[in-house]
Structures are given as structure tokens and as C-alpha cells.
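Written below as C-alpha cells is the structure these notes are about.
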Amino acid sequence: MNASPSTAEVLRAALAGLLDGLPPTKAAQAVDRLIASYRGTTPTDAPVLRDRTDVAAYAAYRMPATFEAVRSALDALREAAPAWTPATHTDVGGGTGAASWAVAEAWEGPEAPRTTVLDWAEPALALGRELAGASGIDSLRDTTWRRARIGAALKLDDTDLVTVSYVLKELTPEDRAALVAEAARAAQAVVVVEPGTPDGYERIITARDQLIAAGLRVAAPCPHSAACPIEPGTDWCHFSARVSRSSLHRQVKGGSLAYEDEKFSYVVATRFPVAPAAARVVRRPQIRKGQVLLDLCTAEEGLRRDTVTKRHGQLYKEARDAEWGDPWPPA
Ligand SMILES: C[S@@+](CC[C@H](N)C(=O)[O-])C[C@H]1O[C@@H](n2cnc3c(N)ncnc32)[C@H](O)[C@@H]1O
């Protein structure tokens, strides 16, 4: 008997059909142009995703990766608050809906939250609606797609969960602050995800400080809501999610690797009490002969390296299975 496909597989299948009818070079050119505008001096004062080719290229090229990054952040939220299920969700700057797919996967079935996606780019909303409509997933099909501009005037309806995924980079510092303040006011839980780069991490730390000042507590990745122990400018907290490569990826990037690793930084903060991990693995574990080196961020001692050896018995087995981003010790 075949298992039913995962949400990631359904998304992949929906995206595969997207570039049908578009000459491959046109899709690759659109991706090149998007990469250039995302590397450029953002923020922009007009949408980068201007037409169907732009959004199809964005969705096919980036959505599997942003989906996986948000999915990891939501997994961390669910680990910290296993009994909590949001009834409503607002995805701000949601574009073609990657975070909404991740939310639909995290809380499936009749309990799935009602999602509203807000974005200023109508072509992105239109494509998002189309993909969600073809998903066969009720909560995605029922999603509301609404045009909204992020800025000082943005007002969000009260909601249980707000996601802001790969959006802060596109905003001015003032609009970022306005968005995080409004998310903190409107939501019970706020999830912010950015690229796992030094500047992405800085935006996450600024958002984290703002969420804490607004009365929320950090649920993940940090084991505490105190200051980040990383000395500014010396390192950046980020994680990694494995993403299968599409044929468009291979065309744009060359090579034949079947996957790539999406690096991302994130923060999850809540108004309700949560149980953050005692510590989190903040680098890829190094497996040596008879020992595993774990770089941890801990609640009590900040950054710490643990060496787990065979002498530790069961813990050693668990350390060998531990992955970058996991809570430690495992529950
Ligand atoms: C890099 S995309 C991320 C899309 C989606 N959240 C994801 O994770 O795949 C950034 C999105 O933010 C939207 N955006 C940027 N600035 C905006 C603004 N001022 N108001 C509303 N949406 C904005 C863009 O239109 C785009 O859909």
C-alpha cells in the first residue's frame, strides 16, 4: 500500500507543472533577475514579483526551500508547545504561500488553522491561490489571499499565529519594526524566518529583542529569553534544512546534486507559557571515533561544547543521531 504523499511532495508536484509552457531559458532568466534583485539594495518601494513569470520562477526556485525553513521553525514551536494548536494564522508578506503550506502540514486535518495570506504583490497572491487550490488540502484551499502593504499603517486582525518568512530583508528598518510590533500585538505566537546569513541573523536578533520587549517569550531556537550569547560580529546563529533540487535548480546552478541545504535563521516567540529546550545544537555535530562533539546554546551557560563519548551509553547513541538544530538532550 502506498503511503499518502507528504505536504512537501504535494507542493513539489504542484510546482513541477508551473513552468510547463515556459521556455526553460525564460524561467532561468527570470530566476537570474530575481536573484539579482534580492542581492541588490533592497528594500524596494514596489513589488519585485511583478508578473506571472516572476512569481512562477520564484515559486519553483525558492518555495521548496522557504517551506522547509518555516517547517523547521514550526517543528521547534510544536516541540516547545505540544498542546497548542492555532485556530487562526496570518502569513504576512506570504507571497505564494510557502509558510501557509508549512502551517497546513504542522497542524493537519480538521484542527488545521484558518490562514490569511497578506502581500502587496497581486501576481504572487494569484499564484499562491492557484497552488493552494490544486493542493487537495482543505485548509490550504480555504486560505484567504489579500492584498496588503506592510508599513506603519498595517493593522492585523487578532490571530493565534503570525508567520513572517523571508520578508524583513525587503523592508526598511522602520517598516520591519512596525511589522514586528503589530505581529506582537495581534498574535499569540510569532514566527520570523530570514536567510541564515550574518545580516539575516542580525534582523532576527532585532526582531527577537522587540518581541521580548513587547512581553513575549522565546520558544525557539534559544533555550532562554535572555541576551543572545553570540558576540556581535563574531558569528551568527543559523540552521540548515535539506531541500530536494528541482530541474530548474539544476539548470540555474549547474551540477547534479540531488539536494541542497537551505541555511536560515529564525525566532519563535509566544504570549503563552512554553517549555523551551534545555539546550539546542547550534552547529552540525562532529562525529569522531568513539565521540561526538556537540556545540550547544544552553539556558544556563550560554554557548558550550559537550563531548559525548561511548562511556555515556544511551546518550552517546542519541548524540550520534543528533542533528544541527535539535533540542539537547532529546525529549
Ligand atoms: C522573498 S518573498 C517571501 C515570500 C514568502 N513569505 C516565502 O517565504 O516564500 C518576500 C515577499 O514579501 C512581499 N513584500 C515585500 N515588501 C512588502 C511590503 N512592503 N508589503 C507587502 N508585501 C511585501 C513580497 O511581495 C514577497 O512576496
Side-chain angles (χ1 to χ4, degrees), residues 7-8 11-12 14-15 18 30-31 33-52 54-74 89-105 115-129 131-132 140 143 145-156 161-180 182-183 190-197 199-200 203-204 207 241 243 262-266:
T7 310
L11 175 60
R12 190 158 295 284
L15 293 173
L18 215 53
V31 169
R33 204 157 45 70
L34 287 179
I35 292 173
S37 34
Y38 282 125
R39 277 207 193 112
T41 47
T42 48
T44 54
D45 52 14
V48 174
L49 301 175
R50 291 170 313 195
D51 58 23
R52 167 89 191 184
D54 280 351
V55 289
Y58 175 82
Y61 190 68
R62 286 296 297 152
M63 218 175 145
T66 57
F67 165 82
E68 290 296 344
V70 178
R71 182 175 154 163
S72 300
L74 295 177
H89 162 227
T90 305
D91 186 13
V92 192
T96 51
S100 306
W101 283 72
V103 164
E105 186 197 61
T115 286
T116 302
V117 179
L118 304 177
D119 203 285
W120 68 353
E122 182 56 40
L125 295 169
L127 185 69
R129 190 184 290 117
L131 291 169
L140 276 174
T143 293
W145 304 82
R146 191 178 303 148
R147 200 134 181 217
R149 185 183 182 114
I150 300 164
L154 179 72
K155 286 282 164 284
L156 299 176
L161 173 66
V162 164
T163 51
V164 180
S165 129
Y166 292 82
V167 178
L168 296 184
K169 180 176 198 288
E170 300 200 10
L171 306 175
T172 61
E174 296 73 29
D175 286 351
R176 274 176 215 152
L179 170 55
V180 174
E182 184 57 8
V190 179
V191 175
V192 187
V193 184
E194 282 288 292
T197 54
D199 61 307
R203 290 187 293 275
I204 289 292
V243 188
E262 171 71 9
K263 304 292 189 331
F264 62 98
S265 295
Y266 76 98

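Both backbone and side-chain heavy atoms feed into the values below; hydrogens, waters and symmetry mates do not. Note that ligands are numbered from 1 as they come in the structure, with each ligand's atoms numbered from 1 the same way.
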Less than 3.5 Å between some nitrogen or oxygen of [X] and one of ligand 1, yes or no?
X    : answer
I150 : yes
G93  : yes
R149 : no

Does a side-chain heavy-atom distance below 4.5 Å link I150 with L171?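 Heavy-atom side-chain distance check passes, below 4.5 Å.
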
Is there a side-chain contact between L118 and L156 (heavy atoms, below 4.5 Å)?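 Result yes, sub-4.5 Å side-chain heavy-atom pair found.
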
Can you sort out the partners of R146 under side chain to side chain donor-acceptor pair (under 3.5 Å), two or more places apart, ordered by chain and number?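 In terms of side chain to side chain donor-acceptor pair (under 3.5 Å), with neighbours along the sequence ignored, R146 is linked to no residue.
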
Please state whether [X] comes within less than 4.0 angstrom of ligand 1, counting heavy atoms only.
X    : value
F67  : no
M63  : no
A148 : yes

Heavy-atom contacts with [X] under 4.0 Å: which atoms of ligand 1 show up? List them by number with element.
X    : answer
S165 : 3 (C), 5 (C), 6 (N), 7 (C), 8 (O)
G95  : 27 (O)
A121 : 25 (O)

Positive for side chain to side chain donor-acceptor pair (under 3.5 Å) with S100, one of D91, T90, T115: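 Among D91, T90, T115, the one meeting side chain to side chain donor-acceptor pair (under 3.5 Å) with S100 is D91.
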
For ligand 1, note which part of L118 has a heavy atom under 4.0 Å away: side chain, backbone, both or neither.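 For L118, there is no contact with ligand 1 at all, from either part.
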
Mind checking whether A99 contacts ligand 1 via backbone (N, CA, C, O), side chain (CB onward), both or neither, at a 4.0 Å heavy-atom cut-off?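 Answer for A99: neither.
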
Nearest 0.5 angstrom please: L127 CG to R52 CZ, how far?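 Between atom CG of L127 and atom CZ of R52 there are 5.0 Å.
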
Not counting sequence neighbours, which residues clear ring-ring contact (aromatic ring centres under 6.0 Å, His included) with F264? List them please.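 With neighbours one apart ignored, the set is Y266.
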
In plain terms, say whether E262 and R71 are close enough for a salt bridge, that is, a side-chain N and a carboxylate O under 4.0 Å apart.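 No, no charged N to carboxylate O under 4.0 Å.
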
Just go through F264, Y58, W120 and tell me whose heavy atom is the nearest to atom 18 (C) of ligand 1.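 Nearest heavy atom to atom 18 (C) of ligand 1 lies in W120.
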
If every non-hydrogen atom of K263 is compared with every non-hydrogen atom of Y166, which pair is closest and at what distance?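 It is O-OH, 4.1 Å.
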
